[in-house]
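Since the structure comes first, as structure tokens, the remarks are kept for the end.
Reckoned from all heavy atoms, side chains included, excluding hydrogens, waters and symmetry mates. In listed order, ligands and their atoms are each counted from 1. From a predicted model like this one, the values you see are computed outputs, not experimental measurements.
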Amino acid sequence: MTANKILFIVLDGISDRPCPVLGGKTPLSAAKKPVLDKLAAEGICGIMDTISAGIRPGSDTAHLALLGYDPYKSYTGRGPLECEGSGIHMEPGMIGFRCNYATVSKEGLILDRRAGRIHDTAALSAAIQEGVDLSKFGVEFTFRSGAGHRAALALKGEGLGHCVSSNDPKKEGVAPLTINAVKKEGKHEKTAAVCNEFVRQATPILFNHPINRERMKNGENPANIVLMRGAGEMPHLEPFTEKYGISGSVISAASLITGIGNAVGLPHVDVPGITGSVNSNVPGKIAAAIHELKTKDFVIVNIKGADESGHDGKAEQKRDFIETIDSALEPLLACRDCIIIICGDHSTPCPIKDHSADPVPVIIRGDGVRTDDVVRFDEFSCAKGGLCRITGSALMPIALDLINRSHKYGA
Ligand code: ZN
Ligand code: ZN
């Protein structure tokens, strides 16, 4: 029997460097993970430079590369992907931003960059959508709330560029910055003017909104200014189904990853209780993925928590979360009709609390795979595997070949 489906599990930021608190082991090599080790033993293993050797990827550029889209051609900033993740349909050429609700004083100083970690800002975003008018620029906009204090802004109009700065001063007690074109060209200058006008009009709407009056009465920080960053232009991305001739879905708590999926036409599957953190409902994600594969050829699942522990420098927490992931993956051992890929998108080493260019471990397991001698899923063991060292852009072609869906090159 040849496997005819692909289950692609991305363990975000899973790999690491030797951690002193773990006696020089990485969280992955210190964790007890019988399921991942069994999958490694049954599959072929290797290490992977998601983009290329020595390049330190973001989660966005990494996932684009893993899905086979060249980030150097398609990526100008995180904003448009966040917009897609917030449910805004982005057309090529539209400009997208990640936004935060924040608190500004009457004197115009930023008091709280996250507006008291407000949640449920839908009514505030609706008031902005209703009240702000950018028509004098010939620009339409969509403003949508995301999780917590987050939101997304999309601009549509002629002659807009994406090379603009942020108004986020990145610290409290100072005034928000004026947004400027970072490249001296009319289209970028126009976007900067539109953004400044957006903030100028949105701020009084937020100041006077009943939700914010109520928050102030209760001693909470009002969400009365929008900070924006991550400007990017929506690229043309060939739809996944046209590119590969297979159907697919995306399962992720992170709006960025959902947005990348949506941007290439992969619908998002909702799973209750997923948080993008170490308390996420990982078994729910795996169950949803297995269910989804009944009707789809391809599912990509992002499991985020280990990346968060890496950013926090918490090696023991990261090790423990890997053990949680491992037990959630148990149902995969019985999956026989699909090619299972398990890998990281980048390393997030606890000693540096950020992403690094260290290659990530990979397993490909399923019918027809030439197995190797690797019996453990970690950075050191996988480096000895039969896949050797590959780049992220090779994964989809390898997987498609294993399900006999790749095109022959030549006669
Ligand atoms: Zn990541
Ligand atoms: Zn990260």
Return all side-chain donor-acceptor pairs below 3.5 angstrom for residues 150-161, not counting sequence neighbours, or 'none' if the list is empty.
residue	atom	partner	partner atom	Å
R150	NH1	A147	O	3.4
K156	NZ	E91	OE1	3.3

Original post:
In D345, what N, O or S atom is nearest to the Zn ion (ligand 1), if we give its atom name?
Top reply: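 In D345, the N, O or S atom with the shortest distance to the Zn ion (ligand 1) is OD2.
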Subject >> Test of ring centre spacing under 6.0 Å for F298 and Y244 >> reply: no
Original post:
Is there a donor-acceptor contact under 3.5 Å linking the side chains of S15 and E379?
Top reply: no
**OP:** Compute whether any side-chain donor of one residue and acceptor of the other, for Y101 and S145, lie under 3.5 angstrom apart.
**Re:**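 No, S145 and Y101 have no side-chain donor paired with an acceptor closer than 3.5 Å.
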Show me the donor-acceptor pairs, under 3.5 Å and distance only, between side chains in residues 383-402 and residues at least two apart or in other chains.
residue	atom	partner	partner atom	Å
R389	NE	D49	OD2	2.8
R389	NH2	D49	OD1	3.0
T391	OG1	S393	OG	3.3
D401	OD1	S406	OG	3.2

**OP:** Provide the protein N, O or S atoms situated under 2.8 Å from the Zn ion (ligand 2); waters are not included.
**Re:**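 You should have found D307 OD1, D307 OD2, H311 NE2, H355 NE2.
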Between side-chain atoms of residues 174-187 and protein atoms elsewhere (two or more places apart, or another chain), which donor-acceptor pairs fall under 3.5 Å?
none

